[in-house]
Amino acid sequence: TRVDRWQETWNDFKARPYGYGLGKAGAVAFRYLVNSDVPSAPYSTDGWILKLACETGIYGVITFLFFCCVYFFRFVRQLMKRRKGTHIVIFALFLAVNAQALISNVYDFYPYIGIFWMLMGLTESELEEAP
């Protein structure tokens, strides 16, 4: 069941809190490493944050959350100064995708995630140019 997967993923993370390495968790690890001697977390669950923890370790998760917090607070401050309709939509998308990342592998779906990161980059660029 999914509950078993979450528990197993958590145990994999606790066994190696500094990560297994990129591609050594989730579907890629299941496909290529499940019956090998390479340390991996092939049964990691759908929660992208927990999958990230298994791949990059605690430092990777902290770095990701730090960048999200910086973006979040900069964007909120800019939204208070001037509200543009596109900014509100992009900010709502940012919140929705990150909330969904807690329980699904939303960041692993291509080309969807490319569009998401492009919007984040565009708004960050616009924040830099704003007075």
Side-chain angles (χ1 to χ4, degrees):
T1 67
R2 290 284 186 211
V3 173
D4 294 335
R5 290 281 177 104
W6 281 85
Q7 290 171 341
E8 190 167 344
T9 304
W10 180 248
N11 291 334
D12 286 341
F13 170 68
K14 288 190 313 186
R16 208 162 174 168
Y18 298 107
Y20 292 92
L22 295 177
K24 294 185 178 178
V28 172
F30 184 79
R31 178 177 284 174
Y32 298 108
L33 302 174
V34 73
N35 292 320
S36 73
D37 294 334
V38 177
S40 63
Y43 299 107
S44 65
T45 186
D46 291 336
W48 189 83
I49 302 289
L50 196 50
K51 178 183 174 261
L52 177 69
C54 284
E55 286 186 340
T56 63
I58 192 71
Y59 294 127
V61 173
I62 289 171
T63 302
F64 172 75
L65 293 176
F66 172 76
F67 285 127
C68 283
C69 286
V70 167
Y71 180 81
F72 177 84
F73 289 115
R74 283 174 47 97
F75 208 96
V76 167
R77 190 174 69 233
Q78 192 61 29
L79 277 176
M80 295 304 162
K81 290 180 184 175
R82 62 185 178 119
R83 295 181 183 177
K84 288 176 68 175
T86 56
H87 286 170
I88 295 170
V89 169
I90 292 170
F91 188 65
L93 177 67
F94 170 78
L95 294 176
V97 169
N98 279 299
Q100 190 177 358
L102 295 172
I103 57 170
S104 75
N105 283 336
V106 68
Y107 286 117
D108 288 340
F109 297 124
Y110 305 105
Y112 165 74
I113 200 57
I115 295 168
F116 174 76
W117 287 118
M118 179 190 71
L119 290 173
M120 297 304 105
L122 289 174
T123 56
E124 184 64 26
S125 174
E126 193 169 305
L127 290 176
E128 288 294 322
E129 295 174 3

Please set out all donor-acceptor pairs under 3.5 angstrom arising from side-chain atoms of residues 14-34, sequence neighbours excluded.
{"unit_1": "Arg16", "atom_1": "NE", "unit_2": "Gly19", "atom_2": "O", "d": "3.4"}
{"unit_1": "Tyr20", "atom_1": "OH", "unit_2": "Asp12", "atom_2": "O", "d": "2.9"}

| said: Is there a path of hydrophobic side-chain contacts, each under 4.5 Å between heavy atoms, that joins Phe66 and Trp48? | reply: no
| Between CZ of Arg74 and SG of Cys69, what distance do you get to the nearest 0.5 Å? | 13.5 Å
| said: Check for me, please, whether Val70 and Leu65 land in the same ILVMFWY cluster - side-chain distances under 4.5 Å, paths through other members count. | reply: no
| Transitive ILVMFWY cluster of Val89 at side-chain heavy atoms under 4.5 Å: who else is in it? | none
| request: Spell out, yes or no, whether Leu95 and Phe73 are grouped together once hydrophobic residues are joined by side-chain heavy atoms under 4.5 Å, including indirect joins. | output: yes
| ILVMFWY network linking Tyr43 to Ile103, side-chain heavy atoms under 4.5 angstrom | no
| request: Could you tell me the separation between the OG1 atom of Thr63 and the CD1 atom of Ile58, rounded to the nearest 0.5 Å? | output: 10.0 Å
| query | Is there a path from Phe67 to Val61 through hydrophobic residues (I, L, V, M, F, W, Y) whose side chains come within less than 4.5 Å of each other? | reply | no
| field | Identified side chain to side chain contact (heavy atoms under 4.5 Å, CB included) counterpart of Asn98 within the set Tyr71, Phe64, Phe72 | value | Phe64
